[in-house]
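Counting convention: from 1, in listed order, for ligands and their atoms alike. One-based numbering along the sequence shown.
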Amino acid sequence: MDSNKVYIFDTTLRDGEQVPGCKLNTNEKVEIALALEALGVDIIEAGFPISSPGDFESVSEISRVIKDAVVCGLSRAVQKDIEAAGQALRHARRPRIHTGIGTSDSHIRSKFNSTREEILERAVQAVKWARQYTDNVEFYAEDAGRTENEYLARVVEAVIRAGATTVNIPDTTGYCLPGQYGEKIAYLVNNVPNVDKAVLSCHCHNDLGLATANSIQGAINGARQIECTINGLGERAGNTALEEVVMVMRQHPELGLYTGIRPEMLNPISRLVSDTMRMPVQPNKAIVGANAFSHSSGIHQDGFLKDAQTYEIIRPDEVGADTSKIVLTARSGRSALAYRFKNLGFEFDRNAIDVLYERFLAVADQKKEVADEDLDAMAKAYEK
Ligand code: KIV
Ligand code: ZN
């Protein structure tokens, strides 16, 4: 295993699809799975087979069409769930069963009315059942973010001994601070004797807006898989956004971490997922939002027009986005106005721009954004 590659585990079709209103049919799921494979995702979590006949069918169909990526099915630490996952994945070239149980005291007491020892036994048993179907088994310690580290380390050691090849450390409630999450991963790396036999995985939710930061801290501290979704979709405030973690690693080569993702496909797949799931992307979303490469204030526009790197750390073509936009609002300046006139075929000298700028401001104060048609009318009126 290349020690600096971070495996990308996409859960758009499982955690992402749990979002109300985002439900997909099998054909839609297959289309997205093929796009994820083309994007370079290493593992596709295709669904939760026991949850419904439709989800079982989707996992099964995705298993038939995916050639290179690992196809994964979720289960609880329950025998019939694991059997369903094993069945749904039977046509997969590279199947993975993802099984697990809550390990925080809150989950142990309130969800399971159980004890730490009993949960540990159930965890081990679940991994053994899953190993009957595939040697690629991932265990999740649900709510690991709020699980005491010493107990978590015992669980991780035991499930690796039982045959888990990946161990997922979910911050299920999005509670951890980046430093805390990173320390948790470091603790496991330093205190689980057989940790080298498995890959540690980050699965961070975004309840405090920290999912990307936490996943990156996890990878810095030794995790080598990140679980994420396109556009950050997922339960409540969502999961770690795939496009964000990938671009953080590309923008910061000093971390020494990389992925197999083709960045130029990030915007096309974002649009595909947004359209298919009927879930608009917020305009200010990093990397894939409509405003991610738009400049509207005079100071920024002036700098950008002199040298794009003054206000852009990523080139839009690198992530498959449309070219950068100079948006004209009442906060825009003369250089942006002259640039937009030039794009429409009007070249004006400095004096003309001074006059036109006053007319432009009068229009801009009335409208949110000044469009090409407004500029065209202004330019023609000036030339008369
Ligand atoms: O957030 C979580 O803990 C999960 C698990 C089922 C992996 O989604
Ligand atoms: Zn989750």
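Here the NE2 atom belonging to His205 is positioned 10.5 Å from the CG atom belonging to Asp143, to the nearest 0.5 angstrom. The distance from atom CZ of Arg315 to atom CD of Gln309, rounded to the nearest 0.5 Å, is 9.0 Å. Rounded to the nearest 0.5 angstrom, Gln251 CD and Glu318 CD are separated by 6.0 Å. Note that SG of Cys204 and CD1 of Ile226 are 8.0 Å apart. Values are rounded to the nearest 0.5 Å. Of the inter-residue distances, the one linking Leu266 atom CG with Ile230 atom CD1 reads 7.0 Å to the nearest 0.5 angstrom.
Each protein N/O/S atom under 2.8 Å from the Zn ion (ligand 2) was counted, for a total of 3.
Membership of the apolar cluster around Ile50 extends to Phe48, Leu74, Tyr140, as traced through chained side-chain contacts below 4.5 Å between ILVMFWY residues.
Residue pairs meeting the ring-ring contact (aromatic ring centres under 6.0 Å, His included) criterion with at least one partner in residues 272-295, sequence neighbours excluded, are His295-Phe304.
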N or O contacts of ligand 1 with protein under 3.5 Å, please list pair by pair.
unit_1, atom_1, unit_2, atom_2, d
ligand 1, 1 (O), His203, NE2, 3.1
ligand 1, 1 (O), His205, NE2, 3.0
ligand 1, 3 (O), Thr172, OG1, 2.7
ligand 1, 8 (O), Arg14, NH1, 3.4
ligand 1, 8 (O), Arg14, NH2, 2.9
ligand 1, 8 (O), Asp15, OD2, 3.0
ligand 1, 8 (O), His203, NE2, 3.1

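Between the Asn267 side chain and the Val319 main chain, a donor and an acceptor come within less than 3.5 Å of each other.
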Problem set entry | Derivation and outcome, ring-ring contact (aromatic ring centres under 6.0 Å, His included), residues Tyr382 and Phe348 | CA-CA 10 Å; Tyr382 181 83; Phe348 292 116; 5.6 Å; yes
